[in-house]
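As the structure is a computational prediction, the values presented were derived from the model and not from experiment. The figures that follow rest on heavy atoms only: side chains count, while hydrogens, waters and symmetry mates do not.
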Amino acid sequence: MMFSFFIAVMSLFQTVNAQEDPVSVIKNTSDQLFKTLKEQKTVLKKDPNKVYGIVENILVPRFDFGTISQWVMGRSWRTATPAQRDEFTAEFKRLLINTYAGVLLDYSDEKLNVLPLPPNAAKGDEVTVRSEIISKDRPPIAINYSMIKANNRWMVYDVSVEGVSIVANYRSEIRELVSRNGIDGMIKVIKSKNK
């Protein structure tokens, strides 16, 4: 399930034209990601670190890390200084990239089936795109992408796998770290994980 979650999250970062729609963003990005992983399978076995470049190029451009970081920090975002916010956003982004990159090395021909949106769902600035990960040896896993429209681009700000949100999941961990160590201490813990 964890692998499918990371595949799903990372499959959202392909650049498409200005008239993009949320379903196309998810579909095109996942297609590009899976195709690249398949083509680079031999290279990645020899040099697993190359997966970081794949994540950076395909997935990162489709995630709104500013919004994700703000929601993950929750109430602490309001009391954090601009410097602390910037540092947390950079380190949290790095944490997600490191986590997803490691999981993507286990890719084994999974497919993402993106479901159509209900009529008029994408008329506003927020939408949830539903999909499922299909693999040969497991039942489908439900993946929901929460997206917002910013500057004519649909960006992901949360992903839920089987009803479990990454924002909610990390928020409880970050809240606990802040209560034990303060904001600077929490950032220090995230930095140490990234090393």
Side-chain angles (χ1 to χ4, degrees), residues 4-37 51-74 76-78 80 82 84-101 103-104 112-133 141-171 173-174 190 194:
S4 297
F5 172 74
F6 291 123
I7 285 285
V9 170
M10 299 319 270
S11 38
L12 302 172
F13 295 105
Q14 176 184 3
T15 303
V16 294
N17 67 41
Q19 299 301 317
E20 67 189 9
D21 68 89
V23 169
S24 296
V25 169
I26 302 300
K27 175 139 183 42
N28 293 339
T29 304
S30 64
D31 288 349
Q32 182 185 10
L33 178 66
F34 292 151
K35 181 181 177 203
T36 304
L37 289 172
V51 76
Y52 294 99
I54 294 171
V55 169
E56 194 73 48
N57 291 331
I58 298 174
L59 298 179
V60 168
R62 276 296 167 188
F63 278 80
D64 183 346
F65 285 101
T67 299
I68 293 169
S69 298
Q70 183 176 347
W71 288 9
V72 165
M73 274 188 78
S76 300
W77 186 264
R78 285 178 286 221
Q84 287 173 322
R85 290 175 181 178
D86 289 346
E87 190 174 13
F88 174 75
T89 300
E91 291 301 327
F92 189 68
K93 173 182 172 183
R94 192 169 160 211
L95 177 68
L96 289 178
I97 290 170
N98 290 344
T99 304
Y100 297 150
V103 173
L104 288 175
L112 186 71
N113 179 29
V114 182
L115 306 174
L117 290 176
N120 299 320
K123 295 271 184 199
D125 292 335
E126 285 192 49
V127 71
T128 298
V129 176
R130 297 180 314 121
S131 69
E132 52 190 11
I133 292 283
I141 297 171
I143 312 286
N144 290 341
Y145 301 95
S146 298
M147 303 180 76
I148 55 173
K149 193 175 192 179
N151 300 320
N152 286 326
R153 296 189 75 225
W154 286 99
M155 306 287 285
V156 176
Y157 68 86
D158 195 12
V159 179
S160 297
V161 179
E162 296 291 334
V164 179
S165 152
I166 60 162
V167 167
N169 203 27
Y170 276 110
R171 184 186 292 150
E173 182 182 341
I174 296 302
I190 302 291
N194 285 334

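- Closest of all the heavy-atom pairs between Phe34 and Leu112 is CE1-N, 3.6 Å.
- Note that CE of Met147 is 12.5 Å distant from OG1 of Thr67, once rounded to the nearest 0.5 Å.
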Check the pair Leu95, Asn194 against side chain to side chain contact (heavy atoms under 4.5 Å, CB included), reporting the backbone distance first and the verdict last. CA-CA 6 Å; Leu95 177 68; Asn194 285 334; 3.4 Å; yes
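- Of the possible donor and acceptor atoms, none in the side chain of Thr29 sits under 3.5 Å from a partner among the backbone N and O of Ile26.
- The CD atom of Glu173 sits 7.5 Å away from the CG atom of Asn169 when rounded to the nearest 0.5 Å.
- Here the CD-OG1 distance, from Glu87 to Thr89, works out to 10.0 Å after rounding to the nearest 0.5 Å.
- Residue Leu117 comes nearest to Thr128 through the heavy atom pair CD2-O, 3.5 Å, listed as atom of the first residue, atom of the second, then distance.
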Test log, rule side chain to side chain contact (heavy atoms under 4.5 Å, CB included), inputs Ile174 and Ile190: CA-CA 9 Å; Ile174 296 302; Ile190 302 291; 3.8 Å; yes
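- For Asn113, the side chain to side chain donor-acceptor pair (under 3.5 Å) partners two or more places apart in sequence, or in a different chain, are Glu132.
- A distance of 9.5 Å separates CG of Asn144 from CD of Glu162, quoted to the nearest 0.5 Å.
- Taking each heavy atom of Val60 and Lys93 in turn, the nearest pair found is CG1-CE, 3.6 Å.
- Nearest heavy atoms, Ala80 versus Arg85: O-NE, 3.5 Å.
- The shortest distance between side-chain heavy atoms of Tyr157 and Val167 does not fall below 4.5 Å.
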Evaluate the side chain to side chain contact (heavy atoms under 4.5 Å, CB included) criterion for residues Arg153 and Arg62: first the C-alpha distance (whole Å), next the side-chain angles of each, then the deciding distance (0.1 Å), finally the verdict. CA-CA 9 Å; Arg153 296 189 75 225; Arg62 276 296 167 188; 3.4 Å; yes
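- Pairing each heavy atom of Trp71 with each of Arg171, the nearest pair is O-NE, 2.8 Å.
- Looking at Ser160, Ser131, Pro22 one by one, the single match for side-chain contact (heavy atoms from CB on, under 4.5 Å) with Tyr145 turns out to be Ser131.
- When every heavy atom of Tyr52 is checked against every heavy atom of Ile97, the shortest pair comes out as CD2-CG2, 4.2 Å.
- The CG atom of Leu96 sits 5.5 Å away from the CZ atom of Phe65 when rounded to the nearest 0.5 Å.
- Side chain to side chain, Asp158 and Ser165 meet the donor-acceptor criterion of an N or O pair below 3.5 Å.
- In terms of the ring pair (Phe, Tyr, Trp, His ring centres under 6.0 Å) criterion, Trp77 has no residue partners (sequence neighbours excluded).
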Please test Val127 against Trp154 for side chain to side chain contact (heavy atoms under 4.5 Å, CB included), starting from the C-alpha separation and ending with a verdict. CA-CA 9 Å; Val127 71; Trp154 286 99; 3.6 Å; yes
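- Distance check: Asn57 CG to Leu33 CG gives 11.0 Å after rounding to the nearest 0.5 Å.
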